[in-house]
Amino acid sequence: MNISKFVTPEIIFGRDALSQIGESAARLGASKVFVVSDAGVIAAGWIEPALNYLRAAGLDTEVFSQLTTNPKDHEVSAGVEKYLAAGCDAIVAVGGGSPTDVAKAIALLVTNGGSLRDYEGINRIVRPLPPMVIAPTTAGAGSEVSQFAIIVDTERRLKMSIISKSLIPDIAIVDPELLRTKDAGLAAATGMDALTHAIESFVSLAATPLTDMHALKAIELTARSLLRAVQDRNDMEANTDMALASMIAGIAFSNAILGATHAMTHQVDGLIDKHHGETNAAILPHVMAFNLSACPDKFRRIALAMGASVDALSTERAASKAIDMVKELIGAIGLAKGLAQIGLSSQDIPQLSRNAVKDACLVTNPRSAVVADIEALFRQAL
Ligand SMILES: [Fe+2]
């Protein structure tokens, strides 16, 4: 029997879970907390209650919010300087995947030193990080439970994947109430990211029974509730489903890694500042079609999890139904766009393809892919 490892943080889940943020940071030994967020989250009104809970727990705070979507290496450097100058000893993020990944990258550099490139790839962090508490305000990235931090290297214009157990936050506070304030477009894009995490980790070469159960449940919840969450931002049943889906898809991919879709989107996102979920939507169906022959039964189970009746179908027919259903969902939530519409030029494809085959996420793709395969997939997705 193969041996597998499975890691998750402590998870506090449910409506009003944000109220636990102060007590959570305090019991990790924090005294001055570096709070990472962004302008959108601050405007949505979530930073004030978080700061109040932290202060009520007797903690000092320092807020850092100078960051963008697809967060950049220089934004992390600015955060590191501010953290050290303020004498902080713990990190809290209140925000989506971008503030969370910036918080993780700052935590990494303040105790390990050097530059982010020193840690690109798998298991290169040696010293412990400061205590980390993450409260996501979007349902998609799953970064609150994952061992990933994805940061844009602005010189090379690509996303670096830093993967290490050290990047798993100590406590994830997942409060579906926080999802109310994101707009429909962001709900669609982030939800698509969650679905991509679930599908890629389910068919990953590193999948285990422990990751499969989380991935499949995330697929089921997304198929059931993403469209509803996009259509009605106050549908708390749908928001709760999506908060759970995003988190468990995060647990699945944190442990099983991802695949060719993410190896490709990491390159596009480094070049074009569009939401990562939109890039996933453009690429995922093509990668699924490419991968189908490697694991048709897994694709049949994806169709089943999405609610298809597959009993009367051959494995191949049922498997391709999974792709049809994903395309249908992408259309329904308004993300059916090619990469050209997102802003990619065909001239960029050769370089992006050469970079994609070096991305750590490609290692676990169920079908091996060389540069020519990736180029063909980029052209299909254009
Ligand atoms: Fe992602």
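We're numbering straight along the sequence, starting at 1. Just so you know, ligand 1 is whichever comes first in the structure, and atom 1 is the first atom listed for that ligand.
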TODO: Can you tell me, to 10 degrees, how wide the angle at the Fe ion (ligand 1) is between NE2 on His262 and NE2 on His197?
DONE: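 It comes to 90°.
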TODO: Using the ring of Phe202 (Phe, Tyr or Trp, six-membered ring only), decide whether Lys298 places NZ or CZ under 6.0 Å from its centre and within 45 degrees of its axis.
DONE: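 Because its charged atom sits under 6.0 Å from the ring centre and within 45° of the axis, Lys298 does stack over Phe202.
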TODO: Provide the atom name of the closest N, O or S atom of His276 relative to the Fe ion (ligand 1).
DONE: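 The His276 atom nearest to the Fe ion (ligand 1), restricting to N, O or S, is NE2.
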Task: Residue Asp193 atom name (nearest to the Fe ion (ligand 1); N/O/S) - done: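 Within Asp193, restricted to N, O or S, the Fe ion (ligand 1) is closest to atom OD1.
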Task: Note, Ile171 side chain near Arg27 side chain (heavy atom, < 4.5 Å) - done: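 Of all side-chain heavy-atom pairs linking Arg27 with Ile171, at least one is under 4.5 Å.
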TODO: Using a strict 4.0 Å threshold on nitrogen-to-oxygen distance, state whether Asp324 and Lys321 make a salt bridge.
DONE: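 Salt bridge absent between Asp324 and Lys321.
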Open item on the list: Within the 3.5 Å criterion, strictly below it, is a donor on Thr211 or Asn255 matched to an acceptor on the partner's side chain?
Closed with: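 Their side chains do not contain a donor-acceptor pair, so the 3.5 Å distance test is not met.
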